[in-house]
Amino acid sequence: MTSPQIILAADVTTNRQHANVAEVEQRLGSLELILGISAVRKTVLIIVLAVIWQVYASYLDNPLLFPTLSDTLTTLYDRFVDGTLPSRIWTTLQVLITGYVAGTVLAAILTILAINTRIGTDFLETMTAMFNPLPAISLLPLALIWFGLGASSLVFVLIHSVLWAVALNTHAGFLGVSRTLRMVGGNYGLTGLSYVMRILVPAAFPSILTGLKIGWAFAWRTLIAAELVFGVSSGQGGLGWFIFENRNLLDIPAVFAGLLTVIIIGLIVENLVFQTIERHTIQKWGMKE
Amino acid sequence: MTSPQIILAADVTTNRQHANVAEVEQRLGSLELILGISAVRKTVLIIVLAVIWQVYASYLDNPLLFPTLSDTLTTLYDRFVDGTLPSRIWTTLQVLITGYVAGTVLAAILTILAINTRIGTDFLETMTAMFNPLPAISLLPLALIWFGLGASSLVFVLIHSVLWAVALNTHAGFLGVSRTLRMVGGNYGLTGLSYVMRILVPAAFPSILTGLKIGWAFAWRTLIAAELVFGVSSGQGGLGWFIFENRNLLDIPAVFAGLLTVIIIGLIVENLVFQTIERHTIQKWGMKE
Amino acid sequence: MLQAIQQNIDPTAGLPDVKTASEARSLLTVDKVTLRYKTPNLLITATEDVSFSVERSDRFVLLGPSGCGKSTLLKAVGGYMAPVSGSIHINGRPVKKPGADRMMVFQEFDQLLPWKTVLENVMFPLIVARKLPRREAEARAKEYIDKVKLTRATDSYPHTLSGGMKQRVAIARGMAMQPDILLMDEPFAALDALTRRQMQDELLQLWEDTRFTVIFVTHSIAEAIKVSNRILLLSPHPGRVKAEVIDVERARQEDGSAAALERDIHNLLFSESGHRE
Amino acid sequence: MLQAIQQNIDPTAGLPDVKTASEARSLLTVDKVTLRYKTPNLLITATEDVSFSVERSDRFVLLGPSGCGKSTLLKAVGGYMAPVSGSIHINGRPVKKPGADRMMVFQEFDQLLPWKTVLENVMFPLIVARKLPRREAEARAKEYIDKVKLTRATDSYPHTLSGGMKQRVAIARGMAMQPDILLMDEPFAALDALTRRQMQDELLQLWEDTRFTVIFVTHSIAEAIKVSNRILLLSPHPGRVKAEVIDVERARQEDGSAAALERDIHNLLFSESGHRE
Amino acid sequence: YAQEKTDISITRQPGILYLASHVMETQKLIEKHAAEDGLKDVTVNWRTFSGGGAQTDALLSGNVDIVNTGTGNLLLLWDRTRGKVKGIITSSAQPVIMVSRDPKIKSLKDIGPSDKIAVPTVGVSTQAILLQMAAGQMFGDSDLKHFDPNTVQLGHPDAMAALANKSHEVASHFSAPPFQYLEIDAGNHIVVNSKDIIGGPLTQATFFTTTAFAEANPVIIKAVREATVEAIDMIKKNPKDALSAYKQVSGDKTDLNTLVKILGQPDMMEFRTDPQGTMKFATHLHKIGTLKTMPAAWTDYYLPESADLKGN
Ligand SMILES: Nc1ncnc2c1ncn2[C@@H]1O[C@H](COP(=O)(O)OP(=O)(O)OP(=O)(O)O)[C@@H](O)[C@H]1O
Ligand SMILES: Nc1ncnc2c1ncn2[C@@H]1O[C@H](COP(=O)(O)OP(=O)(O)OP(=O)(O)O)[C@@H](O)[C@H]1O
Ligand SMILES: [Mg+2]
Ligand SMILES: [Mg+2]
């Protein structure tokens, strides 16, 4: 054999192989399988945290500072049934969503301007650096002048808290879009708004989503803090007011019931809204593991 | 000519060309050149904003609500000279930086765990969804029990405000690192911490930097709000307390001088610290236009 | 075989002449173009003083060693970079910005929009740039996806495709647009011999049908001879025009002439001593 | 020329025999490996029941049409994917995770670390995986950067390089590591004819010096014949072993035999009617 | 007394209502009296807080030993801890005044449904409670919350700015010293005074602590009482010096004479150690359900040692 040789492979009987595959895939134990589901693991985690809360609070035995989970849950249930919490949640959510949407839209406008014009970039960068660190109370005087008392001032403050976080993340996401994709967009003759919406937004979607998540969280934080600062015309306060009022009345289980409500809503939004969006976008597109 | 032909190019005289180039590059007018410098444009922007402030405040003519810039600047100068502001800034910055660094380090630990273990991922995702929307006041009881009054409680609250934003951005950045780069890291036998530090961190640096920026801003916001809640032992309040105190004393120009200080520090950090980091990392590496 | 290698001829008689003559009617004129990249620490000249012109229905190949500036030249024609000196005109109008009249197939594998399936990727420019109605765009997209043998992957997202498959989607996308000029940067480099031959044939077939103009970067001299009617040879870093081969299609008729041309081009490109970048 | 095409022989006598005989001493054994990708909506089988073995100092080429699973196979050997069925062993130990004993040159252009210069990119694995002292690593890195003709770009960042230059850096990085097995996924696809030939020569020269083992994916049958001593031919989607060519290096001695082998392989791969994916 | 704590913390809320505590702090009166009672080397940490809620938390978490804030907070804590927090002594009982810029609003009767009254905290602040008590007197117990829809929450400085702004929708402010006098100076007029609602003075600044602390540290408690008495004496004797103490503690840059003028307003020198009007307050709080237990007498929520104060 002094020359090359070609050895043909025999045809493979694939059936046997497939049987083999099924076997391999069934090898996972049921515990492993159950723990493989992220929802299950998260539930376990939440239960563990709940137990820690209950045990630690019982050990502390200072119900005016840190009530047990069971007290909190009882109060939560009572306040739900008597209709207080649902109406507070509703009030808060209305303002929250208005402010969140407005902030996001403004962030979109700012970043679109920033990505298309040089002065827009400078404007966004400067404004972000200047206003992002400012606490909401600093906007109070201006909000009072412009919007008076009530929901519109709250929305204004909410916008302040959502805008910069979303804008920063979106802008950074836009700037990180790969050169090739940007050239592809230019190649299709896309410019301005349609370029941003059809190329940059989907390409920077992971960053945008992170910004939206952070913005959402900060909208909550700000709203709850701001309801205290901006006050309410009585009877129509939201969750923040509910917490504050009960703190003032030293009804601490109710305070924690309010906070727990915030946590629960946070979990719902994260797991139902954001995770669903993620699954149908960046995960499907292979932009995230 | 019925067959292919190769036509050789004459040697090009490059000298003439170079002269031409120099000409092309000098064609920019000096105004254009000056406006081409981002620092100059930003300065102009800031001056415009300052003028708007001054004019609007003069027009409003309600110094209890919104003082003019000139009043504010005068007060700022006075309070600087008499040593009040420097000592307040110093107090605030100490706590701020401690909290910021601690929050960032914790975020790093959480994301490193999250990227290396499945339970870490669940933990991070669940904790972020749960705690990120919680306002700082909700941590007050725990902070008081664990850390008492004083700087450590403030640091604790600061960590809460920095941690989730930085962790969310970092984690999202890690998950978005291209499959090829991750395989390269694995190929070098890098695992665990060294894999994260040597591959994921630089590759996700744009996201991390955004997270750090947002975290920084929120640390400020939180600190200024939290200083009111935690009180101060004699004479060592920070900027937040300065603002609150002067509001109570109806010294509104001083309130705005405090806010202006926050803005100025924000601008300095953004333009000196973050921009420098950016220029030496993601811009140099071509990860950002 | 190769009729004449014009050498040692008066410099002004060579390439410039051809250009001047064709200037008025050329589809694309690239005139003494120098392209540079500015990096923080240094200025990289990618091409220097490059001139050529492309006529309507030319199949024009850029051939040269790695890093000589072929992609850069293509990007300049595409409107993504402005020349430092010199000018680029299409139909007599200077190239200022990118546009769908010059569809580009990039060298990079990440040129597909990851949020669109193969079908949507091919349809997208048809809808946004060619303004075709959805139904028509879909029909045309499917036709071209068939041509590049990706029927099976029509509804896959790009991240589930192999390197070669991605490039074929990009080729389908470019060809489906039937642009004035198709700019292709090593489109077939990631393809196996058979698929490559099929793609070349598809390209030529399409050219027979629609007589579009294509500028094509390739590393393979054989491929250049197969697909082109004119070849521009570039010297290494910074890229300068070394020679131009015209009437390349003539080489295919009689067998052997193509091989000879290949050898000639090879020698011309690489015979120089000290070819280092 | 080609001595014998063994056909219509008892299926068990063919490839499996070769494998069984070599199993004990093989550097790498891939045994009945099936590789699948799980996507949200469907399961894609990339290769099915693929078996082969690579001996120490083999220059082993994987050849097959685009999308047949070559990259996937290479990734499985690299330890990035676990087979759905079958097993992969190196030195008798199952492959579980990636490691620097199997340096990989990827097909993608984004495999360089963008935050490191060319030099640092080549040095990095030498330092972290081979634990070379800095000075030595630098010397070795420079040597290999010279070999791939990128001396001029030593201190450039990857984003300032052309496609071919990036791939050459990756090649330098892989070769500088002198790993047990070098896995190369179409490393030369983005290179022009001359650079490609130089790289092939460098690879062979290096092999002469160190007798490392290399698994090499290429689309070019000629390249396969030039660089390999064994070629594995894969059928299209899902990739199955179609044939193996051994003693390939013999084809180079006498001229003409290589051409004949190329023709044979070509026919074998592509003659099938209805070759569509 | 060997086990008694010598390092104690007391909260401080800057303001003229807390003038006695500022004098005690600057003159180190608690330290002095503790020493006289045999407890040497007492150090008192004064920690500034912006409001009552945070002080409550600080006391409950054991971070401060004694707090100094309003009657409402004491009653609430006493109720919630089932008597484990009690008052030590009070130091001020000045009136709080509601002012208005709207000439139509001369008394509470003139408040229409669309008029807005600024209060520090809707529903729970002293001012809000006073409005409820007034409503009870005007419309009966069935309409205690008559004015609640009129109230809006604004901090005193913001409310003052609102009054100064003619176009602002808030034209009335249930204020507090010193803001009420500044507002009156600025041309606003008095609508109602807390004295009219309570029928006498209403205790403002109150020192209170946990019974556990009081039992373990009788000397400190005694010293706090004695120091308060002495501080009030000093204020009455020499208001100017007391105001300097206030200026030193709060950093207020207001001219001393202006402050003296404020102290010269009617009832502004009501610095007194006996709880005033607290049972009326408690009765109302119990009526609206805030207090779960109705104290039988004011002594229920003051330490036994304080029973001699003759409060009401
Ligand atoms: N973004 C960039 N910034 C700076 N320099 C660059 C950039 N892109 C390319 N270059 C440089 O310009 C020169 C030409 O690059 P170009 O990509 O045009 O080469 P090419 O001919 O396409 O090579 P290849 O065949 O390897 O793709 C190279 O020296 C390269 O280093
Ligand atoms: N990440 C992925 N997810 C799902 N399917 C994939 C993925 N990567 C590859 N595939 C599929 O697996 C098959 C084999 O892909 P692979 O990349 O191994 O091909 P290849 O032989 O390297 O092709 P090429 O020569 O074009 O690079 C293809 O059908 C492809 O669609
Ligand atoms: Mg190129
Ligand atoms: Mg591949």
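Given the structure is predicted, the values throughout are model-derived calculations rather than measurements.
We find the CG-CE distance between A:L175 and B:M287 to be 13.5 Å, quoted to the nearest 0.5 Å. Rounding to the nearest 0.5 angstrom, the gap separating the CG atom in A:N169 from the CD1 atom in B:I214 is 4.0 Å. To the nearest 0.5 Å, atom OG1 of residue A:T222 and atom CZ of residue B:R221 are 6.0 Å apart. Residue B:T210 holds its OG1 atom at 10.0 Å from NE2 of A:H171, rounded to the nearest 0.5 Å. Taken to the nearest 0.5 Å, the OG1 atom of A:T121 stands 9.0 Å off from the NZ atom of B:K42. Between A:L134 atom CG and B:I263 atom CD1 the span is 4.5 Å, to the nearest 0.5 Å.
Ring geometry for B:F218 against A:F218 counts as parallel: the plane angle stays under 30°, on a 0 to 90° scale with 60° as the upper cut.
The candidate from B:V255, B:T126, B:I46 with the greatest count of non-hydrogen atom pairs under 4.5 Å with chain A is B:T126. Highest contact tally toward chain A, considering only B:A219, B:S161, B:A217, B:G258, is held by B:A217 [criterion: heavy-atom pairs under 4.5 Å]. For the set A:R182, A:R247, A:R179, the count of heavy-atom pairs under 4.5 angstrom toward chain B peaks at A:R182. In terms of non-hydrogen atom pairs under 4.5 Å with chain B, the most contact-rich of A:N271, A:N132, A:I119 is A:N132. Ranked by non-hydrogen atom pairs under 4.5 Å with chain B, the options A:K288, A:K213, A:M127 are led by A:K288.
Within the 4.5 angstrom heavy-atom criterion, atoms from both the backbone and the side chain of A:F123 approach chain B. Contacts between A:W164 and chain B at a heavy-atom distance below 4.5 Å involve the side chain alone, from C-beta outward. Interface residue A:L45: only side-chain heavy atoms are found under 4.5 Å from chain B. For A:L60, the part lying under 4.5 angstrom from a heavy atom of chain B is the side chain only. For chain B, no part of A:T128 is nearby; none of its heavy atoms comes within less than 4.5 Å. Contacts of B:F274 with chain A are absent, with no heavy-atom separation under 4.5 Å from either backbone or side chain. Of the atoms belonging to B:I145, it is side-chain heavy atoms, and not backbone ones, that fall under 4.5 Å from chain A.
Residues B:M130 and A:L49 are in side-chain contact: their nearest non-hydrogen atoms beyond the backbone lie under 4.5 Å apart.
Here the closest heavy-atom approach between residue A:P133 and residue B:G266 is recorded as CG-CA, 4.3 Å.
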